[in-house]
Amino acid sequence: MLKEIGIVDKVNGPVVNAVKVHSVEMMELVEIGDEHLIGEIIELNEDRATIQVYESTTGLKPGSSIRGTGAPLSVELGPGLIGNIYDGIQRPLRQLFEHTGNFITKGIKLFPLNEEKLWHFIPQVRKGDYVSPGSIIGNVSETPLFEHRILMPPQIEGEIESIQKEAEYTVKEPIARVKTPMGIREITMAQHWPVRYARPFLRRLIPDEPLITGQRVIDTFFPMAKGGTAAIPGGFGTGKTITQHQLSKWCDADIIVYIGCGERGNEMTGVLMDFPKLMDIKRGRPLMERTILIANTSDMPLSAREASIYTGITIAEYYRDMGYDVALMADSTSRWAEALREISGRLEEMPVEEGFPAYLASRLAKFYERAGRVHTLCEKTGSVSAICAVSPPGGDFSEPVTQHTKRFVRCFWGLNKELASARYFPAIHYMDSYSEYLGLVQNWWAEKIDSEWKVVRDEAMEVLREDFKLQRIIKLIGEDALPDNQRLVLAEAELLKNAFLQQNAFDSVDMYSVPQKQFLMLKVIIYFYYRSKYIIKDNIPLCRILQLPVLNEINRMKEKISNTECEQFEHLLKAIDIQMNELQKESMVIL
Ligand code: ADP
Ligand code: MG
């Protein structure tokens with residue numbers, strides 16, 4: 001039975017003012033009224049408090065009782081998270097649906113993990129071993145290919161007094177007893193953690209390993225690192241959601257946490273319908289077996305949306321702590337910021353830029369700070385990569401959420417409206433994007449793929465920059481006025497854009513390119529450029545070079561050559577040589 005800590009005085013949307021408040025702490029979770037609405041104390045002033053309520057407050061009356069739970073907003077962590085769909089405060093949506101149907105009844109509380117499911121626990125410690133928070137005490141197979149490491153919960157340290165033998169247990173049954181200075185503590189496979197606090201680790205590591213996404217414009221030009229932070233800003237319809245879906249499907253993280261945050265419900269339906277059918281190409285298992293979904297769509301309560309990104313990142317940190325690479329997607333942080341603005345407005349706080357509260361920047365900073373590559377408490381390497389969509393109104397990047405986000409992320413994939421309306425996808429514009437991880441991940445590419453990677457990549461980038469400059473000149477004087485060597489730059493940039501940067505998320509071959517394929521494709525395109533530059537000097541007209549049949553093959557290689565047929569790029573390089581040599585011979589005869 002929970003104790004009353006105050007009563008409702010005023011109800012203002014998701015914000016409730018309480019009076020006669022006592023025996024409660026800041027950030028404590030409370031239950032309100034007969035419907036047991038869940039809320040969080042966000043302001044406390046003598047005997048008055050302000051509560052942010054995670055459910056619709058319609059029908060809630062002044063005078064209703066408020067009861068304290070004694071704990072802050074927390075998530076339940078343990079085997080069974082994977083494959084689940086939660087709302088912003090970790091209520092399991094499938095189970096809620098079974099309980100209440102399409103419309104969630106208010107005040108329903110369900111344990112987020114399956115309480116009856118038996119997990120095959122294999123102990124990793126023995127009686128007498130010393131364990132501390134974060135130590136691995138055993139493991140279970142959470143999905144056929146995923147080993148869930150059972151970690152010691154926070155704040156418990158001591159000697160193992162007894163540990164269960166290998167067998168099947170539920171998340172509620174004790175699996176170990178630990179002798180601590182405060183007495184014997186029983187340990188289960190589930191633990192909880194307050195979502196607004198970062199989980200601890202030993203130390204931060206340099207994020208020098210790329211997060212391979214299979215998207216060429218990202219991996220080759222603006223690479224993301226494991227443990228990095230990235231933003232995908234773009235106006236409506238520019239491809240934010242599709243990019244995040246692509247990354248969730250193909251990036252080489254062990255676990256994906258996907259937060260649908262304030263966007264339309266049908267986009268989340270896309271994820272729910274799509275993902276279970278998709279297979280992980282490397283492991284041949286359904287992608288859902290590494291995915292956790294958090295859905296707080298635009299039609300769901302606003303304050304739960306505010307909480308959803310914390311719920312998501314806490315779950316991500318939990319898997320990181322086991323020594324895994326986790327990628328977190330949030331679509332979109334602008335909708336999250338709007339929830340913050342709405343709540344702040346109801347609190348009558350002083351707004352700053354465009355009505356957002358002054359603490360918008362610090363909240364964003366605190367969130368992105370929780371990403372990183374770390375040495376975990378169990379002495380393993382784990383990472384949380386945060387990849388967040390930003391939807392600036394009208395696609396205008398100068399608005400506050402995009403600007404503040406830019407300060408805290410190190411990778412910025414700017415989506416461009418013109419490219420998207422020309423159906424040029426991904427619409428990541430090479431002049432509006434950057435990655436500060438380039439220097440950090442280049443050794444990985446040199447060692448694992450090819451020592452020439454950086455040279456080839458930089459050459460391609462240089463061509464694109466040169467093209468950008470030339471395009472302005474063309475607008476003034478027209479393309480015909482340019483000499484052949486400059487028109488070659490334009491032609492090469494065109495080739496890069498069509499044959500390399502453009503990538504179709506719906507083509508079964510093109511949707512994902514392994515790093516080897518990405519490098520060889522770029523090498524072919526750059527080799528074509530080198531050879532052309534050379535023979536143009538021999539006065540061979542550019543139009544002859546652009547008629548070479550190999551150009552057609554280069555333009556189609558992304559769809560024609562699959563990830564397992566990389567040797568075919570050698571044929572293309574040879575074909576370039578043969579056809580260029582012939583052109584040269586021909587011209588010599590004419591001369
Ligand atoms: P946003 O989330 O920015 O509003 P979406 O991600 O929903 O935009 O993309 C809008 C549309 O653009 C998609 O329905 C799809 O047709 C197209 N699109 C976006 N990215 C790609 C891609 N990589 N390949 C092919 N089509 C794409
Ligand atoms: Mg979208």
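Ligands are counted one by one from 1 in listed order, and the atoms in each one are counted from 1 as well. Numbers here are sequence positions counted from 1.
- Considering backbone and side-chain N/O of A505, one or more are found under 3.5 Å from N/O of ligand 1.
- In terms of protein heavy atoms, atom 4 (O) of ligand 1 is closest to G237 N, 2.8 Å.
- Heavy atoms of Q246 stay at 4.0 angstrom or farther from ligand 1.
- By the 4.5 Å heavy-atom criterion applied to side chains, R457 and W445 are not counted as neighbours.
- A salt bridge between K497 and D467 is present, with a side-chain N of the basic residue lying under 4.0 Å from a carboxylate O of the acidic one.
- For ligand 1, the atoms sitting less than 4.0 Å from at least one non-hydrogen atom of Q503 are 23 (N), 24 (N), numbered in the order shown with element in parentheses.
- Checked against a 3.5 angstrom limit, the closest N/O atoms of L415 and ligand 1 fall outside it.
- No N or O atom of F236 sits closer than 3.5 Å to an N or O atom of ligand 1.
- At the shortest separation from atom 14 (O) of ligand 1 among protein heavy atoms lies I242 CD1, 4.4 Å.
- In this structure, G235 has a heavy atom closer than 4.0 Å to ligand 1.
- Every N/O-N/O distance between T243 and ligand 1 stays at or above 3.5 Å.
- Figure legend: cation-pi geometry between K249 and Y512 absent, as NZ or CZ is not positioned both under 6.0 Å from the six-membered ring centre and within 45° of its axis.
- The distance criterion of under 3.5 Å between nitrogen or oxygen atoms is not met by F425 with respect to ligand 1.
- Other residues, nucleotides and ligands place no more than 12 heavy atoms under 6.0 Å from the CZ atom of F236.
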Please determine whether side chain to side chain contact (heavy atoms under 4.5 Å, CB included) holds for the pair T143 and M288, giving the CA-CA distance in whole Å, both sets of side-chain angles, and the decisive distance to 0.1 Å. CA-CA 10 Å; T143 71; M288 265 320 264; over 6 Å; no
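- The shell of residues lying under 4.0 angstrom from ligand 1, judged by heavy atoms, includes R423.
- For atom 5 (P) of ligand 1, the closest non-hydrogen atom on the protein side is G239 CA, 3.7 Å.
- Residue side and main chain included, S332 places no N/O/S atom under 2.8 Å of the Mg ion (ligand 2).
- Side-chain contact between I309 and F367 is present, with at least one heavy-atom pair separated by less than 4.5 Å.
- Atom 7 (O) of ligand 1 has T241 CB, 4.0 Å as its closest protein atom, hydrogens excluded (heavy atom only).
- Annotation: F146 is in aromatic contact with Y319 [ring centroid separation under 6.0 Å].
- In this structure a side-chain-to-backbone donor-acceptor pair under 3.5 Å is present from Q503 to G214.
- Counting heavy atoms of neighbouring residues, nucleotides and ligands inside a 6.0 Å radius, atom OH of Y197 does not exceed 12 of them.
- Annotation: E565, atom CD; neighbour count of heavy atoms from other residues, nucleotides and ligands within 6.0 Å is above 12.
- Proximity of G234 to ligand 1 is not established, as no heavy-atom distance is less than 4.0 Å.
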